[in-house]
Amino acid sequence: MLCNEQLAHRLGISRDWIVRRTGIHQRHIAAPDQATSDLAIAAARQAIESAGITPSEIDLIIVATSSPDVLIPSTACRVQQRLQAASAAAFDLNAACSGFLYGLASAAASIQSGQAKTVLLIASETRSRFINPKDPNAAVLYGDGAGAILLTHCENPRRSVLHISLGADGRGWEVLSIPAGGSRQPPSFQTVEHALHFIRWDSSCLIRSVTRGMVHLIFDTLDQNDISPEEVDMIIPHQMNLRIIKSIAEQAGIGMNKFFTNLQHCGNTSAASIPIALDEAFRTGQMRPGYRVLLVAFGAGFTWGAAMIHWQ
């Protein structure tokens, strides 16, 4: 747990400044000996236990992450090996903060095509490893975490996943990025010296794009499902920044009482934020059977996604 008091002392800023800018009071940070796969495996085991199945019943493992253990092999293969899910295919998916919804679409398509009966979808991030500790804007924002769900075919016409839509706009490619570490700028003394392995962003452009994009996504998804804002029971957005979420709610004309947020104590966990929030909403009794829930995310790339689910 990393509280605002610790960050404020280290960065020479005030606790109030952090809360004012982000709405975050604390965030979880992975231990030095923990990697993205460790968080993913913990979340996966909880999901498997909750579903009452064994790892041998899993046909496909998808790990949505932008902070993998290593470039190759995939984090999903590490998860498959440690879970002893020998029958499962496995791959990673990187759509930044939209990764969980891209993974949800991939999982649903695999089930609908008959390629898989049971899919384990995990979103796991250790974004703290890619934050410049001297950058207060990034250091106060991100936390580490993982969430997992199991999906399977259902004959019930009142299925859980009602609608998924995805999109991207590569013109936003440089707005939020980690410049070095890939094939364009391989690791070198110079890339380390110039801190090119840390996240960089154009904050004003990012905020405008996220706010405008999320408002459009919300209304487009409601329209496609013939649901009015009054009829949706809960909206779970990517937990990026409380100030931005409040702005989205205001511009959409939807009360904040419809929006579930937990970034106050989790921080921005990128792709993992929606499944973590989904789990907390369920465990705390705030999301009840029969609820129509809208999941919506916007991420680097730019990428975006939305899903309407019927909580059984």
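What you are looking at is a predicted structure, and each value in this text was computed from that prediction instead of being measured.
No hydrogens or angles considered: a donor-acceptor pair under 3.5 Å links the side chains of Q251 and S247. Residues S160 and H310 bring no donor and acceptor atom of their side chains to less than 3.5 Å of each other.
With sequence neighbours excluded, no residue forms a salt bridge (Lys or Arg N to Asp or Glu O under 4.0 Å) with D59. Among residues two or more places apart in sequence or in another chain, the side-chain contact (heavy atoms from CB on, under 4.5 Å) test is passed with T54 by S56, E57. For V19, the side-chain contact (heavy atoms from CB on, under 4.5 Å) criterion is met by N4, H25, not counting sequence neighbours. Every residue two or more places apart in sequence or in another chain that forms a salt bridge (Lys or Arg N to Asp or Glu O under 4.0 Å) with D279 is listed here: R283. Evaluation of the salt bridge (Lys or Arg N to Asp or Glu O under 4.0 Å) rule for R82 yields D38 as partners, not counting sequence neighbours.
Taking a 6.0 Å sphere around CZ of F91, one finds it holds more than 12 heavy atoms contributed by other residues, nucleotides or ligands. Atom CD of E231 has more than 12 heavy atoms from other residues, nucleotides or ligands within 6.0 Å.
No single ILVMFWY cluster, assembled from side-chain heavy atoms under 4.5 Å apart, contains both I207 and V140. Residue I13 is not grouped with residue Y142 when hydrophobic side chains (ILVMFWY) are merged at heavy-atom distances under 4.5 angstrom, including chains of intermediate members. No continuous path of ILVMFWY side-chain contacts below 4.5 Å connects I24 to L2, so the two sit in separate hydrophobic clusters. No chain of hydrophobic side-chain contacts below 4.5 Å, direct or via other Ile, Leu, Val, Met, Phe, Trp or Tyr residues, connects W17 to L242. Both Y102 and F100 are assigned to one and the same hydrophobic cluster, defined by single-linkage of ILVMFWY side chains at heavy-atom distances under 4.5 Å.
The hydrophobic side chain of I276 is isolated, with no ILVMFWY side chain under 4.5 Å apart from it. Cluster note: I122 groups with I41, I48, I53, I58, I61, V63, V79, L83, L120, L150 through ILVMFWY side-chain heavy atoms spaced under 4.5 Å, whether in direct contact or through intervening members.
In this structure, CD1 on I274 lies 9.5 Å from SG on C97, to the nearest 0.5 angstrom. Interatomic distance, OG1 of T261 versus NE2 of H238, reported as 13.0 Å (0.5 Å rounding). I18 contributes atom CD1, which lies 12.0 Å from atom CD of Q26 (distance to the nearest 0.5 angstrom). With rounding to the nearest 0.5 angstrom, the CG atom of N257 is 10.0 Å from the CE atom of M234. I164 contributes atom CD1, which lies 4.0 Å from atom CG of L104 (distance to the nearest 0.5 angstrom). To the nearest 0.5 Å, the span separating CD1 on I227 from CG on N225 amounts to 5.0 Å.
A donor-acceptor distance shorter than 3.5 angstrom exists from the side chain of Q80 to the backbone of A88, with no hydrogens or angles considered. Between the side chain of N241 and the backbone N or O of R21 there is at least one donor-acceptor pair closer than 3.5 Å. D144 places a side-chain N or O within donor-acceptor distance of the main-chain N or O of A30, the cut-off being under 3.5 Å. A side-chain donor-acceptor contact under 3.5 Å links K258 to the backbone of V232. At distances below 3.5 Å, at least one donor-acceptor pair connects side-chain atoms of T303 with backbone N or O atoms of A95. Remark: side-chain polar atoms of S113 are paired, donor with acceptor, to backbone N or O of S110 under 3.5 angstrom. With hydrogens and angles ignored, the 3.5 Å screen pairs a side-chain donor or acceptor of T191 with a backbone N or O of S188. A donor-acceptor pair under 3.5 Å is absent between the side-chain atoms of E193 and the main chain of Q190, judged by distance alone. Within the 3.5 Å criterion, the main-chain N or O of T269 finds no donor-acceptor partner in the side chain of S273.
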Could you pull out every donor-acceptor pair under 3.5 Å between side chains of residues 5-12 and any protein atom, sequence neighbours left out?
{"unit_1": "E5", "atom_1": "OE2", "unit_2": "R15", "atom_2": "NH1", "d": "3.1"}
{"unit_1": "Q6", "atom_1": "OE1", "unit_2": "C3", "atom_2": "N", "d": "2.8"}

Name the atoms and distances for all side-chain donor-acceptor pairs under 3.5 Å in residues 170-181, with sequence neighbours left out.
{"unit_1": "R171", "atom_1": "NE", "unit_2": "D169", "atom_2": "OD1", "d": "3.0"}
{"unit_1": "R171", "atom_1": "NE", "unit_2": "D169", "atom_2": "OD2", "d": "3.2"}
{"unit_1": "R171", "atom_1": "NH2", "unit_2": "D169", "atom_2": "OD2", "d": "2.9"}

Below 3.5 Å, can you tabulate the donor-acceptor pairs from side chains in residues 285-299 to any protein atom, sequence neighbours excluded?
{"unit_1": "Q286", "atom_1": "NE2", "unit_2": "T284", "atom_2": "OG1", "d": "2.9"}
{"unit_1": "R288", "atom_1": "NH2", "unit_2": "Y291", "atom_2": "OH", "d": "2.9"}

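The shortest non-hydrogen separation linking S106 to L93 is OG-CD1, 3.7 Å. When all heavy atoms of P136 and K134 are compared, the closest pair comes out as CD-O, 3.2 Å. Nearest approach of A85 to P55, heavy atoms of both residues: CB-O, 3.5 Å. R129 and A31 get closest at one heavy-atom pair: NH2-O, 2.7 Å. In this structure, A277 and I236 approach most closely via the heavy-atom pair CB-CG2, 3.7 Å. Scanning all heavy atoms of the two residues, the minimum distance from M214 to P237 falls at CE-CB, 3.8 Å.
F260 has its side chain out of reach of I235: every pair of non-hydrogen atoms, C-beta onward, lies at least 4.5 Å apart. Inter-residue side-chain proximity for I245 and F259 is flagged as met; some heavy-atom pair is nearer than 4.5 Å. Using a 4.5 Å cut-off on side-chain heavy atoms (C-beta onward), N94 and T65 make no contact. Residues L222 and P229 form a side-chain contact, since some pair of their non-hydrogen atoms from C-beta on lies under 4.5 Å apart. Residues Q239 and N262 meet the side-chain proximity criterion, which asks for heavy atoms closer than 4.5 Å. For the pair S124 and T75, the minimum side-chain heavy-atom distance is 4.5 Å or more. In this structure, L151 and I149 have side chains that are in contact, with non-hydrogen atoms separated by less than 4.5 Å. Looking at heavy atoms from C-beta onward, S67 lies in side-chain contact with F130 at the 4.5 angstrom threshold.
Applying the side-chain hydrogen bond (donor to acceptor under 3.5 Å, both in side chains) test to every pair with at least one member in residues 213-224, sequence neighbours left out, gives these pairs: D220-Q224. For residues 240-256, the set of pairs meeting the salt bridge (charged side-chain N to carboxylate O under 4.0 Å, His left out) definition, not counting sequence neighbours, is empty.
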TODO: With side-chain contact (heavy atoms from CB on, under 4.5 Å) as the test, would you mind laying out the steps for I309 and L278 before giving the verdict?
DONE: CA-CA 11 Å; I309 65 172; L278 191 66; 4.1 Å; yes
TODO: Walk me through it: do L263 and M240 pass the test side-chain contact (heavy atoms from CB on, under 4.5 Å)?
DONE: CA-CA 7 Å; L263 61 87; M240 75 292 280; 5.8 Å; no
TODO: Using the side-chain contact (heavy atoms from CB on, under 4.5 Å) rule, take S270 and S66 through it: C-alpha gap first, then chi angles, then the decisive distance, then the call.
DONE: CA-CA 8 Å; S270 190; S66 56; 3.9 Å; yes
- [ ] Report the C-alpha separation of E125 and T36 in whole Å, then their side-chain angles, then the decisive distance to 0.1 Å, and conclude whether the side-chain contact (heavy atoms from CB on, under 4.5 Å) test is met.
- [x] CA-CA 6 Å; E125 300 279 16; T36 293; 5.6 Å; no
